Amino acid sequence: MSESEPAIVLVSGGLDSATCMAIARDRGYAPLYSMTFDYGQRHRHELAAAERVVRALGAAEHRVIRIDLRQFGHSALTDAIDVPKDRSEAQMDRDVPVTYVPARNTIFLSHALAWAEVMNVADVFVGVNAVDYSGYPDCRPQFIEAFERMANLATRMTIQGRRFRIHAPLMTMSKADIIRAGSALGVNYAMTHSCYDPTPDGRACGHCDACRLRRRGFIEAELHDPTEYA
């Protein structure tokens with residue numbers, strides 16, 4: 001990888017994707033193009049956070065892709081379903097929660113692949129994690145590996161000799177390790193948003209899976225948590 005090799009980074013506005021973008025920048029990928037999805041989620045705070053993240057980390061271009069996953073529903077992030085609160089670690093590890101959005105990462109990576117082909121970019125970064133996560137099947141290494149294999153059969157870019165690569169640098173890291181890594185790279189986590197069920201003014205609920213994992217991560221990393229909890 002040369003220092004001038006471009007990359008696309010999927011940025012949700014959360015802690016993980018901000019760290020992922022900082023890692024891509026630190027590895028010398030440039031320019032960085034960022035992609036965020038307005039997919040019909042029930043609040044807009046993470047979209048505002050994504051704008052803050054890409055400005056701070058220096059995206060050359062930022063695309064907000066609008067799709068409506070509310071058409072399919074069956075997720076507490078897009079439908080009128082209560083967000084689970086105060087689940088134990090055992091519950092998070094055992095079940096796929098109702099906050100899972102069906103096929104979300106497949107849809108997101110497909111859009112990134114289309115933009116990558118148009119831009120002639122071979123590298124895409126995504127902040128999925130298979131250690132401290134809520135049990136989503138599309139955050140596992142098997143999924144990322146399978147999508148990359150599919151992508152290298154599916155596009156003109158790859159048929160013409162460019163190999164498409166998905167980078168998931170956070171895959172095997174704990175939340176504490178992610179926070180330590182991002183802090184070392186200068187990520188200001190106060191600009192990120194993780195909560196599934198925030199108050200109208202954007203404060204985190206402190207009780208959903210995302211809040212509990214985030215809070216525990218800062219405690220284990222022995223770093224200040226800048227999150228404003230309700």
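Numbers here are sequence positions counted from 1. Computed over heavy atoms, backbone and side chain alike; hydrogens, waters and symmetry mates excluded. Please read these numbers as outputs of a predicted model, since none were measured by experiment.
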Grab the two heavy atoms, one from Phe108 and one from Ile67, that are nearest each other, plus how far apart they are. CE2-CD1, 4.1 Å
If you take all heavy atoms of Gly206 and Arg212, which pair is closest and at what distance? O-CG, 4.1 Å
I need the Arg216 CZ to Cys211 SG distance, nearest 0.5 Å. 13.5 Å
Stepwise, does the side-chain contact (heavy atoms from CB on, under 4.5 Å) test hold for Lys85 with Cys205? CA-CA 9 Å; Lys85 301 289 179 69; Cys205 74; 3.9 Å; yes
Given 3.5 Å as the limit, does a donor-acceptor pair link the side chain of Arg162 with the main chain of Asn120, or not? yes
Non-hydrogen side-chain atoms of Ser183 and Arg180 separated by less than 4.5 Å: no
Among side-chain atoms of Ser75 and Arg104, is any donor-acceptor pair under 3.5 angstrom? no
Asp82 atom CG, over 12 foreign heavy atoms within 6.0 Å: no
Minimum side-chain heavy-atom gap Leu185-Ile23 below 4.5 Å: yes
Keeping Glu46 on the side-chain end and His193 on the backbone end, is there a donor-acceptor pair under 3.5 Å? no
Determine yes or no for a side-chain-to-main-chain donor-acceptor pair under 3.5 angstrom, with Asn152 supplying the side chain and Glu148 the backbone. yes
Answer whether the closest heavy-atom distance between the side chains of Pro97 and Arg87 falls below 4.5 Å. yes
Quick check on Gln142: does its CD atom have over 12 non-hydrogen neighbours (other residues, nucleotides or ligands) under 6.0 Å away? yes
Can you name the nearest heavy-atom pair linking Ala151 to Leu113, along with the distance? CB-CD2, 3.8 Å
Starting from Val64, can I reach Met35 by hopping between I/L/V/M/F/W/Y residues whose side chains sit under 4.5 Å apart? no
Looking only at side-chain N and O atoms, does Asp16 offer a donor or acceptor that is under 3.5 Å from a partner on Thr19? no
Quick check: do Val9 and Val124 have side-chain heavy atoms less than 4.5 Å from each other? no
Tell me whether Val98 shares a hydrophobic cluster with Tyr100, the cluster being built from Ile, Leu, Val, Met, Phe, Trp, Tyr side chains joined at under 4.5 Å. no
Are Met119 and Val126 co-members of a hydrophobic cluster defined by side-chain heavy atoms under 4.5 Å apart? yes
Side-chain donor or acceptor of Asn129 paired with backbone N/O of Met173 under 3.5 Å: yes
Looking at side-chain heavy atoms only, is the closest gap between Phe125 and Leu170 below 4.5 Å? no
Group every Ile, Leu, Val, Met, Phe, Trp and Tyr by side-chain heavy-atom contacts under 4.5 Å, then state whether Val96 and Ile107 land in the same group. yes
Where is the tightest heavy-atom contact between Ser194 and Gly14, given as atom of each residue plus distance? OG-CA, 4.5 Å
Value for CZ (Arg52) from CE (Met191), rounded to nearest 0.5 Å, stands at 8.5 Å
With sequence neighbours left out, what residues match Asp68 under salt bridge (Lys or Arg N to Asp or Glu O under 4.0 Å)? Arg70
Looking at Thr36 and Val11, would you say the former's side chain and the latter's main chain have a donor-acceptor pair under 3.5 Å? yes
So, does Glu117 use its side chain to make a donor-acceptor pair with the main chain of Ala114 at under 3.5 Å? no
Atom pair CD1 (Ile144) and CG (Asn105), whose distance is rounded to the nearest 0.5 Å: 6.5 Å
Arg42 side-chain N/O to Asp79 backbone N/O, donor-acceptor pair under 3.5 Å: yes
Linking I/L/V/M/F/W/Y whenever their side-chain heavy atoms sit closer than 4.5 Å, directly or via other members, would Leu47 and Leu57 fall into one cluster? no
Nearest atoms (heavy-atom pairs only) where Ala176 meets Glu220: CB-CB, 3.7 Å
Applying ring-ring contact (aromatic ring centres under 6.0 Å, His included), name anything that partners His62, two or more places apart in sequence or on another chain. none
Do Thr155 and Phe164 touch side chain to side chain, with heavy atoms closer than 4.5 Å? no
Using the ring centroid of each side chain, check whether His167 and Tyr29 are separated by less than 6.0 Å. yes
Residue Gln91 excluded, over 12 heavy atoms near CD under 6.0 Å: yes
Whether the side chain of Asp197 engages the backbone of Val83 through a donor-acceptor N/O pair (distance < 3.5 Å, no angle test) should be reported. no
Fit a plane to each ring of Tyr196 and Tyr136, take the angle between them on a 0 to 90° scale, and name the class: parallel (under 30°), tilted (30 to 60°) or perpendicular (over 60°). tilted
Output yes when a side-chain donor or acceptor of Asp225 lies under 3.5 Å from a complementary backbone atom of Arg215, and no otherwise. no
Distance (rounded to the nearest 0.5 Å) between Ile166 CD1 and Asp123 CG: 10.5 Å
Minimum heavy-atom separation for Val187 and Ala22, please, with both atom names. CG2-CB, 3.5 Å
So, does Arg140 use its side chain to make a donor-acceptor pair with the main chain of Pro137 at under 3.5 Å? yes
Would you compute the distance between atom OG1 of Thr99 and atom CG of Leu77 and round it to the nearest 0.5 angstrom? 5.5 Å
Report yes if the side chains of Leu32 and Met21 come closer than 4.5 Å at any heavy-atom pair, otherwise no. yes
Side chains of Thr227 and Arg214, donor plus acceptor under 3.5 Å: yes
Say you draw a straight line from OH of Tyr229 to OG1 of Thr199; how long is it, rounded to the nearest 0.5 Å? 13.0 Å
Would you say the rings of Phe37 and His111 are close, in the sense that their centroids are separated by under 6.0 Å? yes
